[in-house]
Amino acid sequence: MLKQLKARKWNNTTVVCIILLIFFIYTIFPSNFATHYPYISKDDLISSLVVNNLPKSNDTQEFCKYQDLVRNNEYFYVSENIEKIHEPEDINAGGEFFPLDCQAVYRTAVIVPYRNRESQLETFLIYMHNYLRRQRIHYRIFVIEQNDSKPFNRAKLFNIGSVIAKRFNYNCMILHDVDLLPMYLGQLYGCTTLPRHMCAGVSDFRYNLLYKELFGGVVSITLDQFNQINGLSNLYEGWGGEDDDFFARLEATKIPICRFAPPFNIYYMLPHKKETPNSNRRNLLVNAVQRHRYEGLNTLNFKEKAVEIKTLFTRVLVDT
Ligand code: UDP
Ligand code: MN
């Protein structure tokens, strides 16, 4: 009897220890326990991308190679890449870059909706130019800045971004929050054949995908797909809802989304205080599908105040 009791006591201690150990491992490696969702594996990553920078017929330069970048998927979020821009002279005016020793296969407009987040923008530009040049793609960073004092309208700024991207002859867009930084180099900044949710694991959410329909933060989409869904809704003023409306438009148009495998899609979020949510966002969402054909890009109305070619980005100042 005494023996049995002793054995049970030992068993309980073991169980507690195992639970504590699991908790400890989870605390150290949260991304390894991220919510499961379908994803494109490492081996299929390159073939899922749209080749959109075909050389002119008289161009004999060789294509850049991306296999090693994906195979190594190097961890990039280290202080030397966040604090200081490397070889800034290699970046063209307006925040454009393309490699000179090979022909980039991917050509992308990075569209950032922005107002009044100066220190985040500075960090973003330093980090992203360090990061994107290592990928050896052709890109340009466009910051679409809301000039008026109305509530911030993220989705409308993306619609405006698509008009600008088209003007600059880009057919692939990456719609990018200013406070999200990709942590691994293998998250190639090109468009996939399907629109892609790029930041499935964000540091603030312990690298977990909050829900499978989440389509905010950082996404890639071709201009063709963006036009097919009539862009985004212009009606979401203030925080929230516009990304779910985006997803509803894709669903209504029968365009599925995709994601890369973790840890390709791990992002660090720069700290900021939470914006006030738009209290009307749920009412708007109810009619998202019905509205998408007659409200969006085809009703977009804005005032372009300036297009400025800055050293690290192209600034598009607009009244919404
Ligand atoms: N944003 C901005 N100024 C604002 C509010 C938002 O520039 O006053 C932009 C910025 O790019 C930001 C994005 O909109 O990353 C999304 O807003 P926020 O970061 O507040 O959303 P959350 O992180 O809470 O989803
Ligand atoms: Mn944010």
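The structure presented is a predicted model; accordingly, all values stated were derived computationally and were not measured. Just so you know, these numbers use all the heavy atoms, side chains as well, and skip hydrogens, waters and symmetry mates. As the structure lists them, so they are numbered: ligands from 1, and atoms in each ligand from 1.
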(message) Tell me whether Q146 contacts the main-chain N or O of P151 through its side chain, where contact means a donor paired with an acceptor under 3.5 Å.
(response) yes
(message) Looking only at N, O or S atoms, which one in D179 sits nearest to the Mn ion (ligand 2)?
(response) OD2
(message) Under a 4.0 Å threshold between the charged nitrogen and the carboxylate oxygen, would E275 count as salt-bridged to R117?
(response) yes
(message) Given 3.5 Å as the limit, does a donor-acceptor pair link the side chain of D319 with the main chain of K303, or not?
(response) no
(request) Taking both backbone and side-chain atoms into account, decide whether D177 has an N/O/S atom under 2.8 Å from the Mn ion (ligand 2). (result) no
(request) Determine yes or no for a side-chain-to-main-chain donor-acceptor pair under 3.5 angstrom, with D245 supplying the side chain and L232 the backbone. (result) no
(request) Determine whether the side chain, the backbone, both or neither of Q120 has a heavy atom under 4.0 Å from any heavy atom of ligand 1. (result) neither
(message) Suppose we measure from atom 7 (O) of ligand 1 to each protein heavy atom; which comes out shortest, and what is that distance?
(response) R115 N, 2.9 Å
(request) Could you tell me how the ring of H138 sits relative to the ring of Y170: parallel (under 30°), tilted (30 to 60°) or perpendicular (over 60°)? (result) perpendicular
(request) Please write down residue, atom name and distance for the protein heavy atom closest to atom 16 (C) of ligand 1. (result) D177 OD2, 3.4 Å
(message) Please list the nearest protein heavy atom to atom 11 (O) of ligand 1 with its residue and the distance rounded to 0.1 Å.
(response) P113 O, 2.8 Å
(message) Side chain, backbone, both or neither: which applies to M269 and ligand 1 if a contact is any heavy-atom pair less than 4.0 Å apart?
(response) side chain
(request) Look at atom 25 (O) of ligand 1 and say which protein heavy atom is nearest, naming residue and atom and giving the distance to 0.1 Å. (result) W239 NE1, 3.5 Å
(request) Please write down residue, atom name and distance for the protein heavy atom closest to atom 23 (O) of ligand 1. (result) H272 NE2, 3.2 Å
(message) Can you tell whether the side chains of R281 and D244 come within less than 4.0 Å, N to carboxylate O?
(response) no
(request) Using the six-membered ring of Y37, assess whether NZ or CZ of R259 lies under 6.0 Å from its centre and within 45 degrees of the ring axis. (result) yes
(message) A cation-pi test, strictly: NZ or CZ of R196 under 6.0 Å from the centre of the six-membered ring of F260 and no more than 45 degrees from its axis. Yes or no?
(response) yes
(request) Find all atoms of ligand 1 within a distance of less than 4.0 Å from any non-hydrogen atom belonging to D179, and give their numbers and elements. (result) 15 (O), 19 (O)
(message) Can you check which of F158, F152, Y114 brings a heavy atom nearest to atom 9 (C) of ligand 1?
(response) F152
(message) Looking at non-hydrogen atoms alone, which of R117, K273, K274, R154 comes nearest to atom 18 (P) of ligand 1?
(response) R117
